Each structure stands twice: as structure tokens, then as C-alpha cells.
Amino acid sequence: MSVETERSSTESSAASSLDFEDTALTLRLPGSVSEPDRKRASSDADADAEDADQSTLATTAASSDAPPAPKARVVGWPPVRSFRKNALADVAGSSKAAAKFVKVAVDGAPYLRKVDLEAYAGYDQLLRALQDKFFSHFTIRKFADDEMKLVDAVNGTEYVPTYEDKDGDWMLVGDVPWKMFVETCQRLRLMKSSEAVNLAPRAAQ
Amino acid sequence: MGRGGSRATGAAAPPWHALPDEVWEHAFSFLPTAADRGAAAGACSSWLRAERRSRHHLAVANCYAAAPRDAIERFPAVRAAEVKGKPHFADFGLVPPAWGGAAAPWIAAAADGWPLLEELSFKRMVVTDECLEMIAASFRNFQVLRLVSCDGFSTAGLAAIAAGCRQLRELDLQENEIEDCSIHWLSLFPESFTSLVTLNFSCLDGEVNITVLERLVTRCRNLKTLKLNNAIPLDKLASLLQKAPQLVELGTGKFSADYHPDLFAKLEVAFGGCKSLRKLSGAWDAVPDYLPAFYCVCDGLTSLNLSYATVRGPELIKFISRCKNLQQLWVMDLIEDLGLAVVASSCSKLQELRVFPSDHFGLGVLTERGLVDVSASCPMLESVLYFCRRMTNEALITIAKNRPNFTCFRLCILEPHTPDYITQHPLDAGFSAIVESCKGLRRLSISGLLTDLVFRSIGAHADRLEMLSIAFAGNSDLGLNYILSGCKSLKKLEIRDCPFGDKPLLANAAKLETMRSLWMSSCLLTLGACRQLARKMPHLSVEIMNDPGWSCPLDSLPDESPVEKLYVYRTIAGPRSDTPSYVQIV
């Protein structure tokens, strides 16, 4: 349990001082140098593997209780089809009282994905998960006024995460406290920046 | 036939090589595989002519290996075509979106050259609504549509198929990402439409009009396969079954509800009426209380897919233990070793076992014991997919000794680099035993801590191996060299996160042309080697997937630049023209 908490707190402190460099994407996958979190995670796991029975149970218990920390997972491992992963996430989610699945649409992409909002502790984790789900295609850029944008590094298109609330209005993600967001969000849409100008002005302004 | 020339009576029969094409076409219809037909076609020009003109089924394993026009020109009489697109590792998210694999060029070419086409099957390809509309509009005899792991279409496309394909027999949608446009596509099957034999919409996310479905099911008296999605509640399942008791294959919808004895009784009666039921799948969220409703069909079941059922414990085991005639079992690791021991003692006819992980981020539930038990007691077991948390060499050696008849062995130890948990040694000895014992092995996936030694064994012994998947294994270039210089029958090789570099790739360049494709990601390749490979082998397409952060073109990069993802395949079509900006063909 302590391993998981350690991971999440490191992540949120790193994320709050988001720098473009920190979030710059490489396709060079985990196992290589730049990820201290992952190194820590894998050395823990190696230790576990040796003392299989006891610590496996503990680790499995820990990982099933805590929300998934995207950074610590190896992309595409274990080799389970994305369809299956998503489908089982739904099933597991519906049997747990605390899951909240919403559809995520990306402008210009012909498919939908789902995310479980209850699985994340805050906006940063959600954005990282969106990064993951759309196959590391985006980088996250935070601007001076706390705006959050996802950038498709391949063609430079900027996307603004938006959501539909209970009243059917489309709002910018990040305005309201996280818990309130989770409660009111019905679906997510990564809207192209150019189209987001008509959205409700930010509460702060 | 060869003796024709020596007949004494009447006019001399033509020598065998001058027999009319129809004779050869008829002879070739007895050849069981496409490979056999291909071999026959290579014998001489008249056989080539006869074979290609009578080929009715065409499987294109890599959509970029040939241009659609080439396929149509060469095989003008095709009635059933199957095309596959993205590399296998795309299933696990290793291929970014928009990579390619569009079905549209194939459908357009087919519309032109194969107007009598009856069947189309696409796997891992992008199929748009326009594609589906084109299918509905172009082939008046269209009967079978099978889409596996595809995306790009919505229920609007399905509506076009329903409305337009008057002869449709099979609509089989497996694990596709389908956007829900809230179109009542099912309603678009006309009232006069009764030819459906297979309807599989299990992967569809949205609601379906149950009344329309019931009417469809009622009037399609030949319906043999029905796979529902998660939106069909349990009570509706019962009434659907009562309308289609002739079903052979059933995928249940949402098999979960609060327990009501009435509903239970209704289900029991409904299943009791299904005397022909042989294959069962679905059971999402299965509630143990309802499983006994299935008991009456257990004896007849040959295939059981509970891989999306999160039921666990004694009810699951009790249920499976009644399925004495099971040949194919897909299940989640929630069954645990104990459950597999019961499978081992109950299902003596088992041929294929797949056990999927329930927790994708944990270390796994199963150990080696489950697999050892099943291998020991199921003499016909030949295909295994197994996700577990630990393994030993001894277990693998035992398994190899018990089951030399494996044709497909895929073992995934969830944590990379996991050694033999008792001896702490690499699992080289175990996997070596597998390839040495299982002479008919066609597909192998290895995992755990592995050195170059395992590759030496595989290269030397796996003569029939066609597909090999490697992850987090090996020490050096030697490993890859063993594989590429051995493995006589290798067609597909996919590698990730292994310390393999340029040398073995270049040293075995010719081998790559005898293979369908090679995938290497997170290895130690450089751009220079890829350039050399492309120069050396003009019939290979060498694709590199760039780091999206790099905006400079490939040409300007030095030879030493690391290559993160490489996909190489043989092709007669030259470089494809639909690459996204992050893919470059060297």
C-alpha cells in the first residue's frame, strides 16, 4: 500500500510544476533511462518476484486497491488487446460502486474511448491517462493562466479538454474542483483549440 | 490421368500436360490449402493459368504485400476475400493511430473486379462507414461480413449493410471499436429479410431495439449463431432463446441481475429448449446464482468462452466441471490453479485453453501448477495461451514431456524478466524443452528471464515455427542471429524491448524476404542499418516510426540515430503512399 501512495504523491508534486521538458514525449518505451518512478517500481517488483508468495499477495492487494498510476505501467504490457482491457474495465467498474465511466471523443479521430474518472486523483492524472489511451500521441502543455492543453506533437494541433456537464453544457476541463468535476462530467471531448473559443468563459476570469 | 496417352481404343487422349484447364481446376479444388495451390501454380504456366482462374478464396495476410489491383488481376474469380492490416502489436497499443491499414482501396478494387464477391473479412484494419456503404451497394450477392479488431465505422455503416445486403447470411463483429450513432440499424433489415445465419454484435456499446431484435430472430429460421451485446438484459435473453431454440452458438448479453426465482426458472426452461447449443460465450458480469440455469446445456458444449466473465469461485468450477465434452475453453485467471485442476480432471477432450489476466497491473493470480495439471491430463491439448505470475523450468520440462503435440504455446509471465522462482535461473531450459519436444509447434510466445541460449534452442529445433513473439528477453545480437539463421518456417517475428542490434538484422537480410513481416520496437537498432537493409533488399518495405517530437525528415538524420520502432515486410507493391507523418519508409 505504501508503494502506491509514494508513487501517486511523487507524481502530483512533479505534475504541479509542469515543464514542457518533463512531459516531452519520446516513443522510446519504459525500461530505458529517464523515468525514476518506473525504475523504482520495477526494482520493487524484482524484489517481490524472489519472495513470490507473500509479497505477491501484498502487492496484488495493493495494486487492486489503489488507482492505476499510468506512468508506472509499461506500454502495451501485458499483451492484452486494448478492446479487452477497456471492456473489462467497464465490467469491473460497474460492479464497484465507485466507478464513473465516461466516453472520450477526440476531434478528428473516428473512434471513442472510455475512462473511469474515479480511477484518477486529479486533473493531472486524467490528462496523463488521456495521453496513454490515445497511445502517447499527445504532449501536455500548461500555460501561464493554468489552462490545460494537449498537443499532438506529430502535427502540432492543439486540443483543449472539454466536458459535458449535467446540464448539457460544454465546459473547459479544469475549472471546478476535481470531485465536483467527477460528479458532473457526462462525457469528455478533446476539442481542437480553434473550435474551443466559444466555450463558457473560465470561472476565474 | 497420366496414362491417357497409352490408351489403345478410340482417338488418343491428350497428353496430361495438354489437358483442358477445367480438368486442372477441378483437380486443384481438392487441394486443401492456399499454399498447396500456390505450389501447384508454380509448376508450369498452364497450371498457373488454371489455378489462378479458379481460386475462389483469397487470404491477404498483409494488406501492403500487394496492391489490390494486382490481387484482382491475378485472381479474377475470387468470391471470398480476407485481408489483414496492422501489425499484431497494434493490438497492444504499440502502433499509434492513423498508421494505415485502410480497407477502402480493397473494397473499391473489389467493387470493380469482383462484382460477384460473397464474403469479406477484415482484421486490424480501418473500415469506414463509406466502406460499408460501398459493400452494400457493390456486391449483389454479398453474404458474409466479418470484421475483427477494426475501427473507423459506426452504427450508420451497419445500417447500410442491413438495408442493402439482401442475401446477408453472416454479420460477425468481433472486438471492434464501433462508434454509436444511435441509429436503429437493426430495424433496417427489411421484414422480408430472413437469411441470417450468424449475427454477432457483442462488441457494440449502445442500446439495441429488443423488439426489433426479437422479430428478426423469429423470422430468421436458419439462425445458428447469435451473440448479443451487454445491453441485452437477462430476461430478454430468455425470450430470445425461446424464439431461437435451434441456436448452435450463443453469446449472452448482460448476464447479471438480482436473483429472482421466476427469472431463473424462465432461463432454465429457455436453455432446456436449446438442444443444439454447442458454443457459449459472453456472460459478462456473470452472477453465480444464475449459472445453474446453464447446467442442462453443459454436456453438449464444445466451446466455452468465459473470458469476459468476472465470476469466480466454486460456482464457476462447478459449472465448468459439468462440461465434459469441452474442446475449447477461454477463461479468466479467476479460475485459479484449483479450478484448472478441476478442468484437467473433467475436460478430457480439451484441445485449446486460453487463460486471460483479470488484473492487468498486478502480478497475476495463476502459477505454473494450473498449466502443469491441464497438460498432464488433457491428451488432446494442443493450443495454450496462459498468463501467470510465476514459472519454473521443471514445470515447463514436465509440460513439454506430457504434451509433445502442442501446435501453439503462448506463455506470458506478467512481470518481465521473471526467473524460475525456485532456482532463480533463467527459463531457457524450460522453453528449450518445449521446442525440442513439440515438433509441430507453429506459434510460440516466450516470457520471463531469458538469455541468448533459449534462442539457440529455438533456432535449432523449431522447424515448423511460423510465428514467434519475444519480449524483454536475450542478452545480445546472438539471440536474434540464432532465430534468423534458424527457424526454417518462420513467417512472423515480433520483438519488443530486447537488446538486439543491427548486425543480426543485416547478416540475415535475405531471410526477411522469406518471411511475411518483422516487428522490432525498443531494441538497439540504428537508422544506418535500416538504410542498408532497404538498399540491399528492394522487395522489402522498411518502415520506421518516428518519435513524434522529431520534426526533421529522416534524410537529414545521421546513421547512428536510434530507431524506436521498425516494421519490415515483403511486398511486390513498392512503398505505400498512405503513411502518416510519423512513419517513414527508408
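Keep in mind it's a predicted model, so treat the numbers as computed, not measured. So you know, we letter chains A, B, ... as the sequences are listed, proteins then strands, and number each from 1.
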Under a 3.5 Å distance rule, please check whether [X] uses its side chain to pair with a backbone N or O of [Y] as donor and acceptor.
X: Ser82(A); Y: Phe92(B); result: no
X: Arg84(A); Y: Ser307(B); result: yes
X: Trp77(A); Y: Glu415(B); result: no
X: Arg496(B); Y: Gly76(A); result: yes

Residue [X] versus chain A: region with a heavy atom under 4.5 Å:
X: Phe356(B); result: side chain
X: Asp129(B); result: neither
X: Ile413(B); result: backbone

Which pair of heavy atoms, one from Gly93(B) and one from Val75(A), lies closest together, and at what distance?
-> O-CG1, 4.2 Å
Closest heavy-atom pair, Asn176(B) versus Phe83(A), reported as atoms and distance to 0.1 Å, is O-CE1, 3.5 Å
Hey, are the side chains of Pro79(A) and Phe89(B) touching, using non-hydrogen atoms and a 4.5 Å cut-off?
-> no
Could you state the interatomic distance from CG (Asp180(B)) to NZ (Lys103(A)), rounded to the nearest 0.5 Å?
-> 5.0 Å
